[in-house]
2 protein chains.
Amino acid sequence: MTSMNSLTFEELGSAAQRDRRKRILDATIALASKGGFDAVQMRAVAERADVALGTLYRYFPSKIHLLVSALAREFEQANISLDRKPVPGDTAADRVIYVLSRNTRALQRDPNLTEALTRAFMFADASVANEIHAVGMHVTRMLMRAMHAQDVPSSEIEPTEEDIAVAKVIGDVWLASLVQWVTGRASAADVSKSIDVAVRLLLRD
Amino acid sequence: MTSMNSLTFEELGSAAQRDRRKRILDATIALASKGGFDAVQMRAVAERADVALGTLYRYFPSKIHLLVSALAREFEQANISLDRKPVPGDTAADRVIYVLSRNTRALQRDPNLTEALTRAFMFADASVANEIHAVGMHVTRMLMRAMHAQDVPSSEIEPTEEDIAVAKVIGDVWLASLVQWVTGRASAADVSKSIDVAVRLLLRD
DNA sequence: TCTGCGAGTGAAACGTGTTTCGATTATGCC
DNA sequence: GGCATAATCGAAACACGTTTCACTCGCAGA
């Protein structure tokens, strides 16, 4: 529709285009992982992805769109890997904490990447609504999966209003503590603790 | 100490310098109020404050430092105005909600300004730690004041570990919902509701 | 096969945050 | 008052996100 949205994998016609998109996101992740937000320079991404600068901007209309799209892809992959086996834990709270802890540890293993993606997400304005929404969907889906019994196929879950509200708040708390961890205002332990507190308050059975 | 911190009001020697600092922050607020984050352009701030660009950078080492310092001053003023009379409300939760609602309404009255200050706060990295800490102190102090009985002079409040933790979480939730409001992902009503839920969960008597 | 067109290219240009530096002015000290 | 030092000024330069544009290329349809 408008030229203001990132091109998604689905709406890309040819295999060559999908490959370009993949190369761009790969380059983004690689540069972010090496030097954080500042190291993701549009010229560098274009060069590394072997694509002209103008093309990069055709696929992703800004650096923020690019990074938030990269974040969405990361969460998508995390979801896929999570789908492979049931989430361990006896209660919804246990399972949610398991899933969030697992993801938090993964993020903390690559601080530069996490810094880049988190700051982009926080800095995004209304023009990035679609990409942000995609990220939110992945997080919500992940939490839904954890909140429900392990044996329900994820395609059959139909979350209640309440479920979604709770997932939203938990996602907010998770993100807020990640932001603080990224900026050195909170330790890894603080992040775990925030999540623990929030989940137990919101998901008491 | 390092050249990487904003010059605070206190460490400025002469009246002329304090006046320059004030002019700079005034110009920042005015421009932000008119056009949001993007309208706060360093050259424009310098010109409006009648100060050279280099001087502006001597007082505030980056646009983010500048905006977060402006945010700190706003909260400081809110605190002062709040100190003038006791906070109404019978329970801690009521008083906290009163204070936050009052501030939220004030912020929502000037969306551009709020957008500028909020986004700067969220985008800030570790180098802005001092300024961010100042903001946190003001918010914490405001909440402390509300959580304790109305007649205790604020200078005599000595908050417990627990109090501080709770205030921190409430502050996080408040900020997170403001961010979403600023980016159009949540309505004013959503903001009120988030605060309401968080406060009642965390401050049940 | 030819042709027209949209995608991609390469390079330059622009805007704004940030840095730099020599000249000028203010300030504190004798 | 005269001087040393620091603060401020003015203006240019630099860095990186973003835009623009003339050009090329590959391919779908005639």
Side-chain angles (χ1 to χ4, degrees), chain A residues 2-8 11-24 27-28 31-32 34-70 116 119-120 123-125 127-128, chain B residues 2-8 11-24 27-28 31-32 34-70 116 119-120 123-125 127-128:
Chain A
T2 85
S3 73
M4 277 298 101
N5 285 300
S6 310
L7 266 32
T8 65
E11 66 202 28
L12 250 26
S14 76
Q17 287 180 317
R18 294 180 175 208
D19 190 59
R20 263 191 206 96
R21 192 189 127 102
K22 177 181 184 315
R23 288 204 312 273
I24 290 172
T28 303
L31 289 169
K34 191 177 299 177
F37 186 88
D38 291 342
V40 181
Q41 302 190 354
M42 299 306 269
R43 291 172 177 86
V45 171
E47 184 173 2
R48 179 160 190 145
D50 203 26
V51 136
L53 190 55
T55 304
L56 172 53
Y57 273 94
R58 253 179 54 77
Y59 279 68
F60 301 96
S62 81
K63 174 169 173 172
I64 301 295
H65 285 81
L66 173 60
L67 281 165
V68 176
S69 298
R119 288 181 69 200
F123 194 61
D125 66 9
S127 76
V128 201
Chain B
T2 82
S3 74
M4 275 300 100
N5 285 298
S6 310
L7 266 32
T8 66
E11 67 202 28
L12 248 27
S14 75
Q17 286 180 317
R18 295 182 174 206
D19 190 60
R20 263 192 206 95
R21 192 188 127 102
K22 176 179 185 316
R23 288 204 312 273
I24 291 172
T28 303
L31 290 169
K34 190 175 303 175
F37 186 88
D38 291 342
V40 181
Q41 303 190 354
M42 299 304 269
R43 290 172 179 84
V45 171
E47 185 173 1
R48 180 161 190 144
D50 201 27
V51 137
L53 190 55
T55 304
L56 171 53
Y57 273 95
R58 250 180 53 77
Y59 280 68
F60 301 96
S62 80
K63 174 170 173 172
I64 300 295
H65 285 82
L66 173 61
L67 282 164
V68 176
S69 298
R119 289 183 70 199
F123 194 61
D125 66 8
S127 75
V128 201

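Note that these values count all heavy atoms, side chains included, but never hydrogens, waters or copies made by symmetry.
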At under 4.0 Å between heavy atoms, what does Val45(B) touch on the DNA or RNA strands: base, sugar-phosphate, or nothing?
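The residue Val45(B) makes no contact with any strand.
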Chain A vs DNA chain C, heavy-atom contacts under 4.0 Å, first-to-last nucleotide span, 5' to 3', is dA7(C) to dA13(C)
Round to the nearest Å and state the distance from [X] atom [atom1] to [N] atom [atom2].
X: Asp38(A); N: dC16(D); atom1: CG; atom2: P; result: 9 Å
X: Ile64(A); N: dT18(D); atom1: CD1; atom2: C1'; result: 13 Å
X: Leu31(A); N: dG17(D); atom1: CG; atom2: P; result: 11 Å
X: His65(A); N: dT18(D); atom1: NE2; atom2: C1'; result: 13 Å
X: Tyr57(B); N: dA13(D); atom1: OH; atom2: C1'; result: 14 Å
X: Phe37(B); N: dG17(D); atom1: CZ; atom2: P; result: 14 Å
X: Asp19(B); N: dA7(D); atom1: CG; atom2: C1'; result: 15 Å

Could you go through nucleotides 8-12 of chain D and list every protein N or O atom that sits under 3.5 Å from one of its N or O atoms, giving the distance for each pair?
{"residue": "dT8(D)", "atom": "OP1", "partner": "Arg20(B)", "partner atom": "NH1", "Å": "2.7"}
{"residue": "dT8(D)", "atom": "OP1", "partner": "Tyr59(B)", "partner atom": "OH", "Å": "2.8"}
{"residue": "dT8(D)", "atom": "OP2", "partner": "Arg58(B)", "partner atom": "NE", "Å": "3.3"}
{"residue": "dT8(D)", "atom": "OP2", "partner": "Arg58(B)", "partner atom": "NH2", "Å": "3.3"}
{"residue": "dC9(D)", "atom": "OP2", "partner": "Ala52(B)", "partner atom": "N", "Å": "2.8"}
{"residue": "dC9(D)", "atom": "OP2", "partner": "Thr55(B)", "partner atom": "OG1", "Å": "2.7"}

Which heavy atom of [X] sits nearest to which heavy atom of [Y], and what is that distance?
X: Leu31(A); Y: Val40(A); value: C-CG2, 4.3 Å
X: Ser6(B); Y: Ser69(B); value: OG-OG, 3.4 Å
X: Met42(B); Y: Leu66(B); value: SD-CD2, 4.1 Å
X: Gly36(B); Y: Ala116(B); value: C-CB, 3.8 Å

Check side chain to side chain contact (heavy atoms under 4.5 Å, CB included) between [X] and all other residues, then give those that pass, not counting sequence neighbours.
X: Ala120(A); result: Phe37(A), Ile64(A), Leu67(A), Val68(A)
X: Ala70(A); result: Leu25(A), Thr28(A), Ile29(A), Leu117(A)
X: Ser127(B); result: His65(B), Asp125(B)
X: Lys34(A); result: Arg48(A)

Partner set under salt bridge (charged side-chain N to carboxylate O under 4.0 Å, His left out) for Arg20(A), not counting sequence neighbours:
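For Arg20(A), no residue satisfies salt bridge (charged side-chain N to carboxylate O under 4.0 Å, His left out) once neighbours in sequence are set aside.
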Residues in salt bridge (charged side-chain N to carboxylate O under 4.0 Å, His left out) with Asp19(A), at least two apart?
Arg23(A)
Measuring from Leu56(A):CG to Glu47(A):CD, what's the distance to the nearest 0.5 Å?
12.0 Å
Between N or O atoms, less than 3.5 Å apart, protein on one side and nucleotides 22-29 of chain D on the other: list the pairs.
none

